[in-house]
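Every chain is numbered from 1 and lettered A, B, ... according to where its sequence line falls, protein lines coming before strand lines.
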Amino acid sequence: MKFKTPILPGRLAALLLALLPLAARAAGELNLFGWSEYVPQPVLDGFTRETGIKVNFETYSSNEEMLAKLVAGGGRYDLVQPSDYTAEAMIRRKLLQPLDRARLTGLGNLAPAFNGRAHDPEGRYTVPYMSGSVGIVVNTEKVKVPVRGYRDVFQAAFRDRIVVVNDSRELVSWALYALGLPVNTIDAASLARARPLLAEWIKLVKVFDSDSPKTALLNGDVDLGVVWSGEAAILWRENRKFQYVLPAEGAHQFVDVLAIPAGARNVTEAHRFIDYILRPEVSRQISAAFPYTNPNLAARRLLTPDELANPASYPKGGKLESFRDIGRAAADIDRLVTDLKSAK
Amino acid sequence: MAAPRTPQLPPAAGPRLLAAGLRGWTALVLVFLYLPVLVLVAYSFNAARLGVGWEGFSGRWYAELLAQAPLQRAALNSLVVATATTLLSVVLGTLGAWLLHRHRFPGRDLLEALVNLPMVMPEILLGISLLVLFALVGVGLGFTTVVIGHVTFSFPFVLVAVRARLQGLDPALEEAARDLGATPWGAFRLVILPALRPAILAGGLMAFLLSWDELIVTYFTASAASATLPLKVFGLAKVGLNPVLNALSALFLLVAITGVAFSAYLRRSAR
Amino acid sequence: MPGARPGALAWLLLTPLLAWLALFVVLPALLLLGCSLGERDEFGQVLWGFSLENYARLLDPVYLGIFLRSLGFAALTTALCLLIGYPVAYHLARAAPRVRELLLLLVMVPFWTSFLVRTYAWMAILREEGLLNALVAWLQPAWAPLGLLYTPAAVVTGLVYSYLPFLILPVYASVEKLDGALIEAAHDLGAGPWRVFPAVILPLTLPGIAAGVTLVFVPAVAMFAVTDLLGGARVPLLGNVIQNQFLQARDWPFGAALGVALLALFLVSQLGLRALRPRGALRG
């Protein structure tokens, strides 16, 4: 692997030069708040080796966990890694600060499809990190009938053979897709229509697991499920019998982004880190550790044919849609799912 | 050391049968306790990356473990936090138990009920409310805040264990010491404390285990530099790096068993 | 002597405990109370105010059912821990003084491993192609495979495993101080073990049993991670529901109300038990 020396844009170079006598090493710190293990250690080490900037990597395992610590604990972070619909709410609440796009030389590496998305139409606040979908994974040694959509998964024949992510909004959105209802405008009427269908589905599920849904599939405790595409990609990598299918009725696509919280202290370092991530050779390392969909086209060119062939990482076709922030409706959704699980 | 003990007479047939039964039962329970542990030690030598079927013997997870600096750092942090928590909990719990046992004052019942409150407080509530509190006061997150959180849910365990032993400790013991001219502190140190030793040991062990394995309160009170092992372990488990975690656990077991064996050796040679 | 009014020194010694309770237990509990009376904003965080709406929701049969189910799981776990753990604690505490504490440490060694790793090991034992089912298939092929993992039985197994030390330790501490002579005397008077236990040993170790039961039952009510992993998160329990209000549902005030209800229930039951119990009844 070749490493090019970074070409700093004029403004950044000037700024760095101006800061140099003030704080030669003291400026070199970055408080990164990201998903557990989502930024591979070699990437962090490489960044520090090259820039001398020390990275304090603190982790969380859900968007709400991050929000709780960021908002209640006062912002001491320089860079966060929310999912798109959480970033949308954070922008509205003025929790993020605009990026200086001139400092991000690698923006051109991104696939056009990842620019100007609904959560941040002008790309002023966020830069895509990785992307993925929520779809169906099937153990083709056990399931011999074709499975194309949610209704094919949730049928009586598969009772107690199904794993799904333990996420109320996902569950409800599958029922909404199956009914042909919108997933981003949720009200009492649409929840009432989803309820009977979801009640049937929840009875069939053996395991609800958001953290590692692949485990139950690998262990042979279940035969199919609806899971994060990254989990399905790891399963496919392990054994080709695990096939990934984007549900015909429609599926959720998420983009995890990098963004700088309002009040961050090390803004320069944060920009440098984002730009470092945008480099194809770096982004490629992330793909290797996390086989999600890489939004960085230049990095995709560096992937092996095997990585590119992974149907969960780079699915063909399918109707993909972003989640929008639904604000207070999140509580109604959770209540519905708690209710239905209790009724089992 | 321990309270005076009467030499035991050779037991009769009934008690002997009972003793055999108890020994058998204890052995069975030990099998139950060690069963998952043996499984994870076996898996730590399994070549399979996702750790499901047996794919042959391999030591590579131990090698990978050595290369994981953040994991080692987190383990060290956990050890520091658990040790500090245990010490503080033992002091707070033992002192509290003795004072609550010894004295009667208005509001004592309420105080005793309050002491037990952190045990029932769901971790997420304790974690978030402490986070809000620290932010209000302006205390930065770090080792201190983690230890504060851990002591808060650990010391009641010490207190309850010590209190149980105090109930039924012969009050004449302390009176006798006082009659012989000991100060209240002297009586506590020379008579009560030795009698409490097993309960303090039990309480301290509980505090250590609780702190060692706590996740949620730690998440809300730790900074990047003070992140403990459970935080790291939960993160790693999501990626499916279980074999390395098994190897780590097996190493800790080795350390613990060595510690027990060492203390057995010390006792033997001290005799 | 117990029952003396505290002097100046005692108050001084009591200060750290009082300060700790005030700062890190009472204050957070009051914060929760305030939070539970508020309303949620779009992030689920608190808009301070005064409304009892969140408490009204607690009376919803769904949440009442979850409360009862959680208490049931905790009670079953406690009963099993007591049945399994008491004889072990007794045996350890009556062992020769030299090996007593070593045996106790040996019981604790498995808990040096991470909870998550231990639970994964249990999953490897209980899963369909796991060790236990391999044994079943060998002994009685017609029964295999048993669906063990992701059932309430698996949850209870995991809970009992996790909480057993918290019963064994306090009971051990209380059996350890039993006067051997007392038991010998009872035996010499012709009492068999079946008479000695309820007449002598049980009453004397009651404080240890009470402590152990408290230390298992109380935290088990709000336990969450074991139930998710071994039970497949199929049945909501109190710990998960509270956790969800903060980490999924974005409804901090309702999560706080659930927590306050749990704390209040606990305080009232503690004070009630104390009021019912004649003074000194538990003293040996």
If you look only at distance, which donor and acceptor atoms sit under 3.5 Å apart when one is on a side chain in residues 248-257 of chain B and the other is two or more places apart or in another chain?
from	atom 1	to	atom 2	distance (Å)
B:S249	OG	B:L245	O	3.0

(request) Go through the atoms of B:L126 and report whether side chain, backbone, both or neither lie under 4.5 Å from a heavy atom of chain C. (result) side chain
(request) Select, from B:I200, B:V151, B:L100, B:L130, the one with the greatest count of heavy-atom pairs under 4.5 Å involving chain C. (result) B:V151
(request) Ignoring hydrogens and angles, tell me if any N or O in the side chain of B:W212 forms a donor-acceptor pair with the backbone of C:W112 under 3.5 Å. (result) yes
(message) What part of B:L33 gets within 4.5 angstrom of chain C, counting heavy atoms only: side chain, backbone, both, or neither?
(response) both
(request) Please determine which of C:V218, C:L32, C:V25 meets the side-chain contact (heavy atoms from CB on, under 4.5 Å) test together with B:M121. (result) C:L32
(message) Please rank B:V233, B:L209, B:I148 by heavy-atom pairs under 4.5 Å with chain C and give me the top one.
(response) B:I148
(request) Kindly compute the distance separating CG (B:L40) from CH2 (C:W122), expressed to the nearest 0.5 Å. (result) 12.0 Å
(request) Give, as side chain, backbone, both or neither, the part of B:L110 having an atom under 4.5 angstrom from any heavy atom of chain C. (result) both
(message) To the nearest 0.5 Å, what is the distance between CG on C:L18 and CG on B:L111?
(response) 5.5 Å
(message) Using 0.5 Å steps for rounding, measure from the CD atom of C:Q243 to the CD1 atom of B:I216.
(response) 4.5 Å
(request) Applying ring pair (Phe, Tyr, Trp, His ring centres under 6.0 Å), name anything that partners C:F224, two or more places apart in sequence or on another chain. (result) none
